[in-house]
Asks: 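Take this structure first; my questions come after.
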Amino acid sequence: MRDWPAWLLSLLLALAAWYSLRERAPVVERALSAPLQVVGLGHGVAEGVPKEVFLRVRGPAPLVEGRNLPVSAYLDLSGVEGPFAREVQVAAPQGVKVLEVRPARVEGRVEALLTRTLPVEVYAQGAWVRTEPDRVEAKGPRSQVEVAVSALGIDLGTGEVALTAFGPEGPLPGVEVSPSRVKVVAREEALFRKEVALVLKPPPGLKVLEYTPKALEVVGPKKALEGLEAVEARPQGGFRPGEVAGPWVLDLPPGVRPLGQVWGRVRLGLQ
């Protein structure tokens, strides 16, 4: 049977010794960084909030110098919409005093979340890449998602491409794309664009008095376009005296095509 009076006396002596040691422990200061947590945000997203804050604390050495000092920093944005300026709150254990918080005050903006679909664009050297899917969902602050134009990636030949949302001025780090990676399903030779002259060569007995257009834009592989300066054309219905208008037939090298259907008008006379 336990000797309760002796057990209680031992417990009191142990508590007294612990309290005495704590009281005699040296007081020290420590500088550390702590993640800044955002609470009470709701369905929006906070812009301008740093990932961590710098803290300087003072307290008993056994507590302050411990590897896992239980100190946390947080920013309460309950009920905030639009611009805000809030003090950083710090929770520290009893006996530990917070001497400095940097930054002590955070200014930013709470924005509504927006989701929209973006086309996928993949850069590949000398090739055009087709992906699956070819469109992804972008989600983030309204001000960033509204200016996003595409989800861009670089083909490194691994079969998958990581994507980043881009706007007219560069990447949008606050916008998440889903899925964040797409599968490469095809690689085709890259096409280039070039403007070339349009020439007409009527049969003997006819001469060209006037025609339009005199140039057109074509696309094709780089090698096919090298040295291509002019393309011969003729009316779809053939040459005949007078004015002929309508679609034209083009004599193009293999792999080269015009940008859209070419319509023209030519006035022919007798030689």
Side-chain angles (χ1 to χ4, degrees), residues 18-19 22-23 25 27-120 133 135-153 162-182:
W18 174 84
Y19 183 79
R22 193 190 73 167
E23 289 299 311
V27 175
V28 297
E29 291 187 9
R30 178 183 175 185
L32 70 155
S33 59
L36 182 56
Q37 305 174 42
V38 177
V39 299
L41 188 57
H43 298 292
V45 60
E47 294 290 312
V49 178
K51 292 183 178 180
E52 58 182 21
V53 293
F54 170 83
L55 302 176
R56 191 163 59 88
V57 298
R58 177 192 296 158
L63 191 58
V64 171
E65 293 179 340
R67 178 175 296 181
N68 298 315
L69 177 61
V71 174
S72 60
Y74 64 93
L75 196 67
D76 187 0
L77 297 181
S78 300
V80 174
E81 291 184 7
F84 68 84
R86 292 290 176 97
E87 303 291 333
V88 175
Q89 307 296 321
V90 179
Q94 186 176 2
V96 175
K97 184 177 181 180
V98 179
L99 302 177
E100 181 183 3
V101 182
R102 193 166 67 234
R105 185 180 178 87
V106 174
E107 296 183 3
R109 181 180 182 86
V110 173
E111 288 194 63
L113 289 174
L114 180 65
T115 301
R116 59 186 285 246
T117 301
L118 295 180
V120 173
R135 293 180 176 272
V136 294
E137 293 294 317
K139 182 179 181 181
R142 178 184 295 274
S143 62
Q144 292 194 40
V145 175
E146 285 182 339
V147 299
V149 294
S150 62
L152 294 183
L163 300 176
T164 301
F166 267 71
E169 298 183 1
L172 302 169
V175 179
E176 296 181 359
V177 294
S178 179
S180 61
R181 305 179 72 90
V182 292

Asks: Taking all non-hydrogen atoms of both residues into account, name the closest pair between Val145 and Ala138 and its distance.
Replies: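 Reported closest heavy-atom pair: CG1-O, 4.3 Å.
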Asks: Distance from Ser150 atom OG to Phe166 atom CZ, nearest 0.5 Å?
Replies: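 Nearest 0.5 Å value for the OG-CZ distance: 8.0 Å.
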Asks: Taking NZ, NE, NH1 and NH2 as the nitrogens, is one of them in Lys139 or Glu137 under 4.0 Å from a carboxylate oxygen of the other?
Replies: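 No.
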Asks: Measuring from atom CG of Leu118 to atom OG of Ser178, what distance do you get when rounded to the nearest 0.5 angstrom?
Replies: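 Taking CG in Leu118 and OG in Ser178, the distance rounds to 11.5 Å.
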Asks: Which heavy atom in Val80 sits nearest to a heavy atom in Gly82, and how many Å separate them?
Replies: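 The pair with the smallest heavy-atom distance is CG1-O, 4.1 Å.
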Asks: Are the side chains of Pro93 and Val71 in contact, using a 4.5 Å heavy-atom criterion?
Replies: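 Side chain of Val71 against side chain of Pro93, heavy atoms only: contact under 4.5 Å found.
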Asks: If only atom types and distance count, is the side chain of Arg109 paired as donor or acceptor with the main-chain N or O of Phe84 below 3.5 Å?
Replies: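 Absent.
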Asks: Indicate yes or no: at least one non-hydrogen side-chain atom of Val110 is less than 4.5 angstrom from one of Val45.
Replies: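 No, every pair of side-chain atoms sits at 4.5 Å or beyond.
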Asks: Does Glu81, at its CD atom, have more than 12 non-hydrogen atoms belonging to other residues, nucleotides or ligands within less than 6.0 Å?
Replies: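 Atom CD in Glu81 is not packed in, count stays at 12 or less.
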Asks: With a 4.5 Å heavy-atom cut-off, do Val27 and Pro60 have their side chains touching?
Replies: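 SC-SC contact between Val27 and Pro60 ruled out.
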Asks: Let me confirm one number: the OG-CZ distance from Ser78 to Arg86, rounded to the nearest 0.5 Å.
Replies: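 Spacing of OG (Ser78) from CZ (Arg86) equals 7.5 Å.
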Asks: Spell out, as yes or no, whether a donor-acceptor pair under 3.5 Å connects the side chain of Arg56 to the backbone of Arg102.
Replies: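 Not at all, since once roles are kept as given, no pair shorter than 3.5 Å links the two residues.
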Asks: Measure the CD-OG1 distance between Glu176 and Thr164 for me, rounded to the nearest 0.5 Å.
Replies: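 Taking CD in Glu176 and OG1 in Thr164, the distance rounds to 11.5 Å.
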Asks: I need the minimum non-hydrogen distance between Arg116 and Glu146, along with the two atoms involved.
Replies: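 Closest approach of Arg116 to Glu146, heavy atoms only: NH1-O, 3.9 Å.
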Asks: Where the side chain of Glu111 meets the backbone of Ser143, is there a donor-acceptor pair that is under 3.5 Å apart?
Replies: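 It does hold such a pair.
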Asks: Measure across Ala61 and Val28 and return the closest heavy-atom pair with its distance rounded to 0.1 Å.
Replies: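 Looks like CA-CG2, 3.7 Å.
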Asks: Does the side chain of Leu114 reach to within under 4.5 Å of the side chain of Pro141, using non-hydrogen atoms?
Replies: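 Side chain of Leu114 against side chain of Pro141, heavy atoms only: no contact under 4.5 Å found.
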Asks: If we only count heavy atoms from C-beta on, is the Val57 to Leu69 side-chain gap below 4.5 Å?
Replies: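 SC-SC contact between Val57 and Leu69 confirmed.
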Asks: Would Glu29 and Arg58 pass as an ion pair if we require N to O under 4.0 Å?
Replies: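 A salt bridge is present here (some side-chain N lies under 4.0 Å from a carboxylate O).
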Asks: What are the two closest non-hydrogen atoms of Ala73 and Val88, and how far apart are they?
Replies: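 What the structure gives for the nearest pair is CB-CG1, 4.2 Å.
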Asks: How many angstroms lie between OG1 in Thr115 and CZ in Arg142, if you round to the nearest 0.5 Å?
Replies: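 Interatomic distance, Thr115 OG1 to Arg142 CZ, rounded to 0.5 Å: 10.0 Å.
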Asks: Heavy atoms, side chains only, cut-off 4.5 Å: are Val120 and Pro133 in contact?
Replies: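 No - every pair of side-chain heavy atoms lies 4.5 Å or more apart.
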Asks: How close do Gln144 and Pro173 get, heavy atom to heavy atom, and via which atoms?
Replies: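 Looking at all heavy atoms of both residues, the shortest contact is OE1-N, 4.0 Å.
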Asks: Between the side chains of Ser72 and Gln37, does any donor sit under 3.5 Å from an acceptor?
Replies: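 Looking only at side-chain atoms, Gln37 and Ser72 do not form any donor-acceptor pair under 3.5 Å.
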Asks: Do Leu77 and Leu75 touch side chain to side chain, with heavy atoms closer than 4.5 Å?
Replies: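 Sidechains of Leu75 and Leu77: in contact.
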Asks: Report yes if the side chains of Leu36 and Lys51 come closer than 4.5 Å at any heavy-atom pair, otherwise no.
Replies: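 Sidechains of Lys51 and Leu36: no contact.
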Asks: Quick one: pull up CZ in Arg30 and CG in Leu63 and give me the separation to the nearest 0.5 Å.
Replies: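 It comes to 10.0 Å.
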